[in-house]
Amino acid sequence: MSKKKGKKYSPNFTNHKKASHQDKGPVKAKKHLGQHFLKDEKIAQDIADTLSLEGYKNVIEIGPGTGVLTKYLLQKDIDLVAMDLDEESIIYLNHSFPLEHHKLMQREHSFKVLEADFLKYDLSTIFGEEQFAITGNFPYNISTQIVFKMLEMKEQIPEFTGMFQKEVAQRICEKEGSKAYGILSVLAQAYYDAEYLFTVHPQVFDPPPKVQSGVLRLTRKKDLSLSCDEKLFYKVVKTAFNQRRKTLRNSLKTFELSDNLKEDAIFDKRPEQLSVTDFIALTKKIEDDTI
């Protein structure tokens with residue numbers, strides 16, 4: 001699979017083929033749902049192509065909206081579930097969309113449309129214990145919550161791709177030593193290899209957001225074990241970054257560490273200076289200190 005890291009799209013969009021139904025507006029974007037409908041066919045296809053399809057045949061698309069990404073996903077050898085909270089979108093995808101794309105609907109693999117809140121939905125009822133990937137043009141207002149829920153089901157999700165607000169996508173993929181590096185970076189990269197793939201400009205959306213967007217891919221690591229207590233790891237990471245300007249010796253005071261452990265040189269550092277491996281090692285030290 002080809003790497004697209006760092007690829008950027010030109011703001012000159014005259015050569016991009018637009019989705020024909022976008023001009024008719026089959027679904028109205030709703031501000032309270034954080035909707036910005038992608039209308040650029042080339043970018044939609046590129047997002048669909050971020051899926052490697054390695055180790056799974058099931059895919060959940062979050063926020064299909066007008067189906068511009070959905071139709072490219074349907075060209076792949078997958079079972080697809082499109083999930084949206086917008087009733088208008090659900091009606092369109094269930095009725096008008098199949099008529100517009102009848103050839104795509106004559107496929108061997110299944111396609112279902114669910115009116116549901118991804119954050120509240122029991123995903124185990126969709127594919128059972130089978131592996132599945134997640135993709136989509138994620139609503140900005142819940143995008144980080146989507147990542148946290150994905151992490152809760154990491155054993156079943158070998159791949160996660162999609163579009164975020166650019167700064168959020170960069171934050172997830174950021175390495176230590178950067179101000180953007182934080183809780184999302186550490187927790188996601190503890191279990192996944194993170195790649196920032198390409199930037200998408202506001203003009204290709206309806207309505208255009210006020211910020212740029214970024215597409216990423218998370219590929220699950222072969223070994224999900226952390227060699228430390230996972231709950232404690234989450235607590236250490238979150239506590240450290242909640243006071244990111246302080247050294248770990250000060251930000252982790254609530255852990256009631258022994259004087260001996262607090263003399264460790266790692267406590268002279270600030271959280272953004274620690275790699276994922278360092279955080280795992282730190283958690284192990286705290287774990288052993290409380291035994």
Side-chain angles (χ1 to χ4, degrees), residues 4 9 27 29-40 43-51 58-73 78 80-86 88-90 93 113-121 123 126 132-154 157-174 180 182-185 187-189 191-192 194-202 204-220:
K4 301 179 184 177
Y9 285 94
V27 182
K30 297 163 188 66
K31 188 174 182 180
H32 72 280
L33 293 178
Q35 292 176 325
H36 297 276
F37 294 142
L38 181 65
K39 58 183 181 179
D40 190 292
I43 295 175
Q45 185 170 19
D46 285 347
I47 294 174
D49 288 343
T50 60
L51 294 173
N58 304 312
V59 176
I60 294 177
E61 180 192 0
I62 300 174
T66 59
V68 65
L69 171 58
T70 310
K71 66 184 177 184
Y72 289 104
L73 294 172
I78 61 173
L80 178 65
V81 171
M83 183 180 293
D84 208 305
L85 192 57
D86 183 3
E88 189 179 17
S89 176
I90 297 299
L93 291 171
V113 181
L114 283 180
E115 181 178 0
D117 183 341
F118 174 81
L119 298 178
K120 298 177 181 178
Y121 200 81
L123 300 182
I126 300 178
F132 64 92
I134 294 175
T135 193
N137 174 19
F138 305 125
Y140 291 158
N141 55 349
I142 62 167
S143 61
T144 57
Q145 294 168 276
I146 289 173
V147 176
F148 284 124
K149 179 162 183 176
M150 180 272 296
L151 290 174
E152 292 175 5
M153 297 194 68
K154 55 188 175 293
I157 305 175
E159 195 165 55
F160 176 96
T161 76
M163 182 150 53
F164 293 79
Q165 182 176 332
K166 181 181 179 181
E167 286 74 15
V168 176
Q170 289 177 322
R171 189 182 312 144
I172 294 169
C173 301
E174 192 59 83
I183 295 173
L184 265 182
S185 321
L187 298 185
Q189 293 176 45
Y191 307 103
Y192 290 83
E195 303 171 84
Y196 183 91
L197 299 177
F198 55 87
T199 297
V200 181
H201 296 279
V204 300
F205 294 92
D206 181 25
K210 295 180 180 179
V211 295
Q212 291 188 329
S213 302
V215 176
L216 59 73
R217 175 171 51 236
L218 301 180
T219 306
R220 190 178 62 197

Note, Glu195 side chain near Thr219 side chain (heavy atom, < 4.5 Å): yes
Check: Leu184 main-chain N/O paired with Arg171 side-chain donor or acceptor under 3.5 Å: no
Minimum side-chain heavy-atom gap Phe132-Ile126 below 4.5 Å: no
Sub-4.5 Å side-chain heavy-atom contact between Phe205 and Ile43: no
Check: Glu61 main-chain N/O paired with Thr135 side-chain donor or acceptor under 3.5 Å: no
Worked check of side-chain contact (heavy atoms from CB on, under 4.5 Å) between Leu93 and Asp84: CA-CA 10 Å; Leu93 291 171; Asp84 208 305; 5.5 Å; no
Intermediate values then yes/no, side-chain contact (heavy atoms from CB on, under 4.5 Å), Asp49 and Tyr72: CA-CA 8 Å; Asp49 288 343; Tyr72 289 104; over 6 Å; no
Which atom of Leu85 lies closest to which atom of Glu115, heavy atoms considered: O-OE2, 4.2 Å
Donor-acceptor contact present, side-chain Thr161 to main-chain Arg217, <3.5 Å: no
Minimum heavy-atom distance Met83-Pro64, with the two atoms named: O-CD, 3.1 Å
Criterion side-chain contact (heavy atoms from CB on, under 4.5 Å) on Ile146 and Phe164, from CA distance to verdict: CA-CA 11 Å; Ile146 289 173; Phe164 293 79; 5.7 Å; no
Spacing of Ile60 atom CD1 and Phe160 atom CZ [to the nearest 0.5 Å]: 11.0 Å
Distance, nearest 0.5 Å, that separates CG of Leu80 from OG1 of Thr70: 6.5 Å
Approximate separation, where rounding is to 0.5 Å, of Leu151 CG and Arg220 CZ: 12.0 Å
Gap between atom CD1 of Ile157 and atom CD of Glu152 - 0.5 Å precision: 9.5 Å
Flag side-chain contact, heavy atom, 4.5 Å: Met150 against Leu218: yes
Pairwise distance CD(Glu174) to OH(Tyr196) - rounded to 0.5 angstrom: 11.5 Å
side-chain contact (heavy atoms from CB on, under 4.5 Å) evaluation trace for Ile47 with Asn137: CA-CA 9 Å; Ile47 294 174; Asn137 174 19; 5.7 Å; no
Which atom of Leu216 lies closest to which atom of Cys173, heavy atoms considered: CB-SG, 4.0 Å
Pairwise side-chain contact, Gln212 with Pro202, heavy-atom cut-off 4.5 Å (strictly under): yes
Nearest heavy atoms of Ala44 and Leu69, plus distance in Å: O-CD1, 3.3 Å
For Lys149, salt bridge (charged side-chain N to carboxylate O under 4.0 Å, His left out) partners two or more places apart: none
Nearest atoms (heavy-atom pairs only) where Ile172 meets Ala188: CG2-CB, 4.0 Å
Minimum heavy-atom distance Ser185-Ala180, with the two atoms named: OG-O, 3.9 Å
Rounded distance [0.5 Å steps], CZ in Phe138 versus CZ in Phe118: 7.5 Å
